[in-house]
Amino acid sequence: MKKLLLTLSLLAGFSTLSAIGAQPLTMGIDPTFPPFESKDAQGKLVGFDIDLGKAICARIQRECQFVELPFDALIPALKARKFSVILSSLSINDERRQSVDFSVPLYTSPVWLVAPAKAGLSDDLTKLAGKRIGVQQGTIFESYANQHWRGKGVEVVAYQNDDQIYSDLAAGRLDAALDDAIVASSIFLSKPQGAGFALNGKEIYQKSLFGQGTGMGFRKGEDQALQAQVNKAIADIRADGTFTQLSQRYFKVDVSPKS
């Protein structure tokens, strides 16, 4: 009788696990970061993160469901259980580790100042004195600008999204933007409104803020099993060449995580 009860208990456990595994994996994204994640003319979600998320879901045999929110709302929404994981160019750093657990690093992308090509700007305070610099709210770019420039003769202006930043930059209401170089190239520098603008100075990097790249964010201390599944899926995607294929499809630069 005990053996029968044990067998029934194990079967019930397997059934529960199977049911959990069959549930969609909900991923929080901000679809305003092409080529990472955005919407095409038909309103369909597209981009590197979208394809990567689908590849991860395929490995763990779960359907992907993407939940769209502004970037600065993603961590609060994760904590509020609006979705299970963040997949939206979330940089791994010590400050965010206090709020979320991270997957293994996915990729890194260089950070630059975007300004008129002949502006000759850099992250040197003497070059930025009296300038207005646009950043997106809740990003590492805002954190960097606040740490190094705000209150030191530089006006840091925070926006909800990149479209607003580049609209003001093109109109002359900003002197520069601090942004992901891949995103800036995709949505601004390669467009007609970006004519005459360029990446200024040199790549800006601060390990304590930018960490080793980006990762997927999980609820702190709660989802270790899912985190392990996702990390295994990422390792498999790298091993079988899927990650390289996706990277080459969307990027012209090396996005390998920094050591």
Side-chain angles (χ1 to χ4, degrees), residues 25 27-66 68 71 74 85-93 102-114 136 139-141 162-163 166 177-192 194-195 197-200 202-205 207 210-217 227 229-259:
L25 179 59
M27 297 183 172
I29 63 166
D30 176 0
T32 63
F33 292 97
F36 296 101
E37 61 250 18
S38 62
K39 289 185 174 180
D40 64 16
Q42 288 72 46
K44 179 183 177 182
L45 288 169
V46 295
F48 177 82
D49 282 344
I50 304 301
D51 287 351
L52 179 62
K54 291 177 180 178
I56 290 170
C57 287
R59 296 304 193 285
I60 64 176
Q61 299 182 342
R62 293 175 69 171
E63 177 189 351
C64 276
Q65 285 187 358
F66 297 102
E68 303 170 32
F71 187 83
L74 289 175
V85 62
I86 298 171
L87 178 60
S88 192
S89 300
L90 191 67
S91 294
I92 302 169
N93 60 40
F102 281 98
S103 68
V104 295
L106 296 173
Y107 55 82
T108 189
S109 183
V111 178
W112 286 72
L113 278 167
V114 184
Q136 184 170 355
T139 63
I140 55 172
F141 317 121
D162 273 334
D163 288 341
Y166 290 115
L178 183 66
D179 203 359
D180 179 307
I182 292 176
V183 172
S185 298
S186 175
I187 68 174
F188 182 64
L189 296 177
S190 63
K191 307 295 184 183
F197 291 84
L199 303 178
N200 274 227
K202 62 181 181 180
E203 179 183 352
I204 297 172
Y205 181 70
K207 187 173 183 179
F210 305 160
Q212 294 181 316
T214 69
M216 298 173 68
Q227 187 178 353
Q229 278 189 316
V230 168
N231 283 341
K232 172 65 165 54
I234 294 169
D236 291 344
I237 288 166
R238 290 191 186 280
D240 69 11
T242 300
F243 188 92
T244 298
Q245 291 174 9
L246 290 177
S247 178
Q248 291 175 345
R249 181 187 307 170
Y250 287 101
F251 310 127
K252 295 180 181 180
V253 299
D254 181 16
V255 296
S256 301
K258 294 183 185 292
S259 58

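Note that this is a predicted model, so its numbers are computed, not measured.
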Problem set entry | Nearest-0.5 Å distance, NZ of residue K39 to CD of residue E68 | 3.5 Å

Problem set entry | Side-chain heavy atoms of T139 within contact of L178, under 4.5 Å | no

Problem set entry | Inter-residue atom distance S88.OG - D30.CG, 0.5 Å rounding | 5.0 Å

Exercise. How about F33 and F48: are their ring centroids closer than 6.0 Å?
Worked result: no

Exercise. What's the spacing between I56 CD1 and T242 OG1 if we round to 0.5 Å?
Worked result: 11.0 Å

For this session: May I ask you to check whether S91 and N93 show a side-chain donor-acceptor distance below 3.5 Å?
Result: no

Problem set entry | Partners meeting side chain to side chain contact (heavy atoms under 4.5 Å, CB included) with Q65 (sequence neighbours left out) | P24, T26, E63

Exercise. Between CE of M216 and CZ of F102, what distance do you get to the nearest 0.5 Å?
Worked result: 11.5 Å

Problem set entry | V183 side chain reached by Q136 side chain, heavy atoms, under 4.5 Å | no

Exercise. Should I204 and F210 count as side-chain neighbours, where that means a heavy-atom distance under 4.5 Å?
Worked result: yes

Problem set entry | Non-neighbouring partners of F188 that pass ring-ring contact (aromatic ring centres under 6.0 Å, His included), sequence neighbours left out | Y166, F197

For this session: Taking the side chain as every heavy atom from C-beta outward, state whether D179 and D162 have any atom pair closer than 4.5 Å.
Result: yes

Exercise. What closest approach, in Å, do V114 and A184 show between heavy atoms, and which atom pair accounts for it?
Worked result: CG2-CB, 3.7 Å

Exercise. For the ring pair F36 and Y107, is the centre-to-centre distance below 6.0 Å?
Worked result: yes

Seminar exercise, completed: One should read off an interatomic distance between E37 CD and D51 CG, to the nearest 0.5 angstrom, of 11.5 Å

Seminar exercise, completed: Note: P105 and I92 closest approach over all heavy atoms is CA-CD1, 3.9 Å

Exercise. Should L90 and F71 count as side-chain neighbours, where that means a heavy-atom distance under 4.5 Å?
Worked result: yes

For this session: Nearest 0.5 Å please: distance from the CG atom of L113 over to the CG atom of N200.
Result: 6.5 Å

Exercise. Any side-chain heavy-atom pair from S103 and I234 closer than 4.5 angstrom?
Worked result: yes

Problem set entry | L45 and I29, any side-chain heavy atoms less than 4.5 Å apart | yes

For this session: Return the minimal non-hydrogen interatomic distance between I187 and P34, and the atom names on each side.
Result: CG2-CG, 2.6 Å

Exercise. Does some side-chain heavy atom of L106 sit less than 4.5 Å from a side-chain heavy atom of L52?
Worked result: yes

Problem set entry | Sequence neighbours excluded, every pair satisfying salt bridge (Lys or Arg N to Asp or Glu O under 4.0 Å) that has a member inside residues 229-239 | K232-D236

